[in-house]
Amino acid sequence: MSRFWKPGTEKPRLVEDEEGGVLFFSASLTSSSGYGYATLEKQRQRLPVYKYRTAILYLVETHATTIIVGETGSGKTTQIPQYLKEAGWAEGGRMIACTQPRRLAVQTVASRVSEEMGVRLGDEVGYTIRFEDITNTELTRIKFLTDGVLLREMMDDPLLSKYSVIMVDEAHERSLSTDILLGLLKKIQRRRPELRLVISSATIEAKSMASFFNARRQGRDDEEQGPRKEPAILSVEGRGFNVQIFYAEEPVSDYIRAAVSTVVSIHDEEPTGDILVFLTGQDDIDAAIQLLTEDSDGRKKGLIVLPLYSGLPRADQDLVFSPTPRGKRKVVISTNIAETSLTLEVTDIENLVVAPISKASARQRAGRAGRVRPGKCYRLYTEEYFMNEMSADGIPEMQRSNLVSTVIQLKALGIDNILGFDWPASPSPEALIRALEVLYSLGVIDDDAKLTSPAGFQVAEIPLDPMVSKMILASNDYGCSEEVITIAAVLSVQSIWFSARGVQKELDEAKLRFAAAEGDHVTFLNVHKGFIQSGKSSNWCHKNHVNYHAMVSGHLKHLQKKVDEIRQQLRRIAQRLGIALKSCEGDMQVVRKAVTAGFFANACRLEVSIVSTCREIFDFSPFKTKLAFSHNGLYKTIRSSQEVYIHPSSVLFRVNPKWVIFHSIVSTDRQYMRNVISIDPSWLTEVAPQFYQQQQINPRPL
DNA sequence: GAGCACTGC
């Protein structure tokens with residue numbers, strides 16, 4: 001296994017980065033009895049945040065914005081909303097909102113709080129995430145929700161007038177929607193001086209957060225009645241315990257094997273306690289689990305190995321929270337999802353970090369191990385790497401994202417001057433201009449950069465990327481809205497294919513059964529059709545390597561809601577927008593035109609193709625087509641002549657039609673187009689004459 | 001021949 005500095009041999013160096021010593025938590029609240037014996041009320045009083053109850057309420061009373069700095073584990077997320085309610089902030093029909101970046105966190109925190117308050121979830125305490133509104137207009141006083149949902153609520157209620165206090169939790173994560181929300185909340189404060197904001201943030205971000213909310217407003221700033229404008233900052237200590245950090249002595253070559261062997265040696269050498277392993281993705285998780293379980297005899301007995309990633313059905317995710325049986329050791333093998341949402345209350349957690357994450361993220365992960373008792377953190381990289389190679393913080397999503405959705409959301413909320421918008425982390429003007437250009441070319445904003453009517457407002461209403469929304473609008477003109485909505489639903493889930501290690505060949509074969517010469521979008525329609533014809537059978541999915549959990553609607557409450565439910569939601573929205581639900585009865589040309597109408601900016605032309613073989617395919621296709629199989633067709637985007645290739649997961653891989661449109665790009669060693677459809681270049685000038693001048697797309701002889 | 005995670009009326 002990898003070699004770590006071990007306790008007892010040579011004192012491990014617990015140096016952190018320049019912030020220093022972050023991992024030495026105060027252990028002043030050592031409750032050896034732990035959870036389980038005390039009443040819920042006693043437990044609440046034992047949380048570190050309890051000491052600050054009066055101070056928090058005072059600051060919220062007297063300041064428009066209060067920034068709470070605290071390590072996770074202080075209890076701030078569950079307690080502060082309750083304190084606020086106890087202090088009367090939810091009286092007179094008002095509500096307290098608490099946002100989270102992730103759905104899982106919303107659900108778990110809401111259910112914990114309702115339990116503590118002794119009320120039924122959905123009554124006084126409720127939550128809202130996409131597809132799940134567990135609130136009651138009459139009763140709900142504390143509402144947990146994702147920040148994305150709160151942004152959507154602003155479309156109907158721009159001042160968020162039903163909330164008296166809005167707590168934005170995990171603001172240091174700087175997720176895209178958190179940052180948009182913070183920018184908008186700052187604006188709302190000017191119109192609603194009585195609104196209170198509580199921003200919870202980790203140490204490093206607190207100052208910049210404060211100066212963001214402190215920035216002088218223009219115009220009237222004379223002292224009026226009401227709360228002080230400059231933000232208050234309160235630091236709440238964590239409940240954490242010592243976490244010892246061990247670094248690999250040498251870089252590991254295979255981090256999955258290194259992680260597995262570290263788990264095994266922890267199991268052999270360490271006393272009771274669960275293990276949490278961070279890996280990069282589902283593939284690695286499956287591989288690690290296979291390695292851990294394949295020879296589970298002998299010493300590995302007693303290990304309960306559980307995967308955790310977002311694609312997992314909720315019931316499987318819940319297994320992670322169940323108590324570990326006596327004499328067993330739980331090993332949770334997880335993606336980032338566990339970095340912030342998860343507190344395992346069972347016993348202490350060991351933690352392995354494997355990817356070049358930021359130092360802040362590494363610290364966050366290590367903190368997972370010290371929640372209920374002292375823990376250990378094994379980092380599968382060297383200390384030198386940590387000190388010298390890893391960046392201090394991740395880049396805010398705002399500064400590395402496509403801003404098309406962001407811009408249209410702001411437009412829909414009446415923010416006209418996008419370039420002058422006061423962001424917590426300003427995106428580059430170039431990125432904003434790029435987004436404005438795309439929206440202009442889609443015809444959803446006009447020459448004055450105002451939303452067009454009705455297209456602009458319709459696109460803003462649909463909770464999808466504007467290019468997908470435009471595709472749906474166009475499907476109305478082409479009489480194929482049913483098909484295009486299905487495509488949109490499939491494109492918005494991670495993958496409809498069931499992939500696991502060792503079954504790649506079977507998956508490829510299954511794909512061929514549905515593969516359409518036109519490309520991936522049409523292939524999706526074939527899969528969906530087969531799924532519906534099977535009566536939405538899980539057995540059918542299994543046989544065809546289709547991921548049942550990606551397709552099925554949530555008739556079992558805890559299943560993730562996917563293609564079916566998104567499709568139903570989009571059909572409802574379409575009807576509301578006046579789009580006729582209509583099938584084109586197999587005419588795939590109109591479907592491809594509708595796709596083109598949304599994604600014309602992603603058009604590419606084949607530059608080089610080495611044809612090797614020809615073969616007749618495909619039984620699902622209405623017409624038999626000859627497809628040329630070749631290797632690594634080099635494409636160039638029409639817009640910017642960027643070199644791109646068809647991703648090997650596409651049905652058009654090695655088929656290489658002359659003209660294609662892609663849905664998205666993944667950048668690895670090359671730029672790969674994922675989800676590709678073939679088009680006729682004349683459609684480009686047809687659907688986007690302003691974007692493509694005729695001479696640009698004249699096909700060159702190949 | 002293959003990069004990840006998260007989110008949304």
Side-chain angles (χ1 to χ4, degrees), chain A residues 99-106 128-133 145-157 170 173-181 278-285 308-312 334-341 354-358 361 365 394 397 400-402 405-406 408-409 412 457-466 468-469 488-489 492-495 497 499 501 504-505 507-508 511 560-561 565-566 568-577 629-633 645-650 652-654 664-674:
Chain A
T99 73
Q100 298 289 323
R102 274 172 298 281
R103 296 157 46 120
L104 182 63
V106 169
T128 308
I129 57 181
R130 193 184 188 186
F131 302 128
E132 247 187 295
D133 183 9
L145 67 177
T146 50
D147 32 31
V149 168
L150 192 60
L151 279 177
R152 282 282 160 186
E153 285 191 3
M154 290 182 73
M155 291 216 178
D156 293 326
D157 180 10
E170 313 283 5
E173 282 192 33
R174 313 309 303 270
S175 82
L176 192 55
S177 38
T178 306
D179 272 4
I180 303 169
L181 188 62
F278 285 103
L279 294 181
T280 53
Q282 193 180 334
D283 279 0
D284 285 358
I285 290 172
L308 182 67
Y309 48 85
S310 76
L312 215 57
S334 172
T335 59
N336 267 338
I337 191 175
E339 205 168 286
T340 47
S341 324
V354 290
I357 46 174
S358 69
S361 186
R365 290 179 173 188
E397 207 180 353
R400 55 180 167 86
S401 298
N402 177 325
S405 291
T406 304
I408 197 162
Q409 247 176 327
F457 287 94
Q458 289 174 318
V459 164
E461 188 94 350
I462 303 173
L464 296 171
D465 182 283
V468 183
S469 306
S492 51
V493 304
Q494 241 176 346
S495 172
W497 301 110
S499 61
R501 256 163 205 257
Q504 190 55 52
K505 201 162 155 261
L507 173 57
D508 285 349
K511 269 189 193 176
Q560 298 246 333
K561 293 152 193 181
E565 186 132 17
I566 294 172
Q568 297 309 337
Q569 182 194 23
L570 294 177
R571 291 174 89 237
R572 282 196 301 276
I573 293 171
Q575 280 182 300
R576 205 176 60 216
L577 296 177
F629 279 72
S630 62
H631 294 282
N632 293 338
Y645 299 84
I646 294 180
H647 194 279
S649 66
S650 169
L652 295 184
F653 178 64
R654 286 209 265 258
S664 61
I665 291 276
V666 287
S667 304
T668 52
D669 54 328
R670 286 174 174 178
Q671 312 287 111
Y672 285 104
M673 303 184 266
R674 209 152 48 178

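Lettering of chains follows the sequences in order, A, B, ..., and the numbering in each one begins at 1.
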Spacing between [X] atom [atom1] and [N] atom [atom2], to the nearest angstrom:
| X | N | atom1 | atom2 | answer |
| --- | --- | --- | --- | --- |
| Ile129(A) | dT7(B) | CD1 | P | 9 Å |
| Leu145(A) | dT7(B) | CG | P | 14 Å |
| Ile180(A) | dG8(B) | CD1 | C1' | 11 Å |
| Arg103(A) | dA5(B) | CZ | C1' | 14 Å |
| Tyr672(A) | dC4(B) | OH | P | 13 Å |
| Lys505(A) | dA2(B) | NZ | C1' | 18 Å |
| Leu176(A) | dT7(B) | CG | C1' | 9 Å |
| Asp284(A) | dA5(B) | CG | P | 9 Å |

From [options], pick the nucleotide closest to the side chain of [X]?
| X | options | result |
| --- | --- | --- |
| Arg130(A) | dT7(B), dC9(B), dA2(B) | dC9(B) |
| Arg674(A) | dG8(B), dA2(B), dC4(B) | dC4(B) |
| Ile573(A) | dA2(B), dG8(B), dC9(B) | dC9(B) |

Original post:
Do Asp147(A) and Ser177(A) get their side chains close enough for a donor-acceptor pair, meaning under 3.5 Å?
Top reply: yes

Subject >> Which residues share a salt bridge (Lys or Arg N to Asp or Glu O under 4.0 Å) with Arg571(A), sequence neighbours left out >> reply: Glu482(A)

Original post:
Is the base of dG1(B) touched by the side chain of Asp508(A) through a donor-acceptor pair closer than 3.5 angstrom?
Top reply: yes

Subject >> Residues which pass side chain to side chain contact (heavy atoms under 4.5 Å, CB included) with Asp133(A), listed by chain and number, not counting sequence neighbours >> reply: Thr128(A), Thr135(A)

Original post:
Where along residues 147-155 of chain A does a heavy atom fall under 4.0 Å from DNA chain B?
Top reply: Gly148(A), Val149(A), Arg152(A)

Subject >> Under-4.0 Å side-chain N/O to phosphate OP1/OP2 contact, Ser175(A) with dT7(B) >> reply: no

**OP:** Could you tell me whether Thr146(A) contacts a base, only the sugar-phosphate backbone, or nothing, with contacts defined as non-hydrogen atoms closer than 4.0 Å?
**Re:** sugar-phosphate

Original post:
So what does Gln569(A) hit on the nucleic acid, given a heavy-atom distance under 4.0 Å: a base, only sugar-phosphate, or nothing?
Top reply: base

Original post:
Considering residues at least two apart in sequence or located in another chain, which fulfil the side-chain hydrogen bond (donor to acceptor under 3.5 Å, both in side chains) criterion with Thr146(A)?
Top reply: none

**OP:** Quick one: list whatever passes ring pair (Phe, Tyr, Trp, His ring centres under 6.0 Å) with Tyr672(A), sequence neighbours left out.
**Re:** His647(A)

Got a list of side-chain donor-acceptor pairs under 3.5 Å for residues 458-466 of chain A, not counting sequence neighbours?
unit_1, atom_1, unit_2, atom_2, d
Gln458(A), NE2, Leu577(A), O, 3.1
Glu461(A), OE2, Arg576(A), NH2, 2.7
Asp465(A), OD1, Met467(A), N, 2.8

**OP:** Can you measure from NZ (Lys511(A)) to CH2 (Trp497(A)) and round to the nearest 0.5 angstrom?
**Re:** 6.5 Å

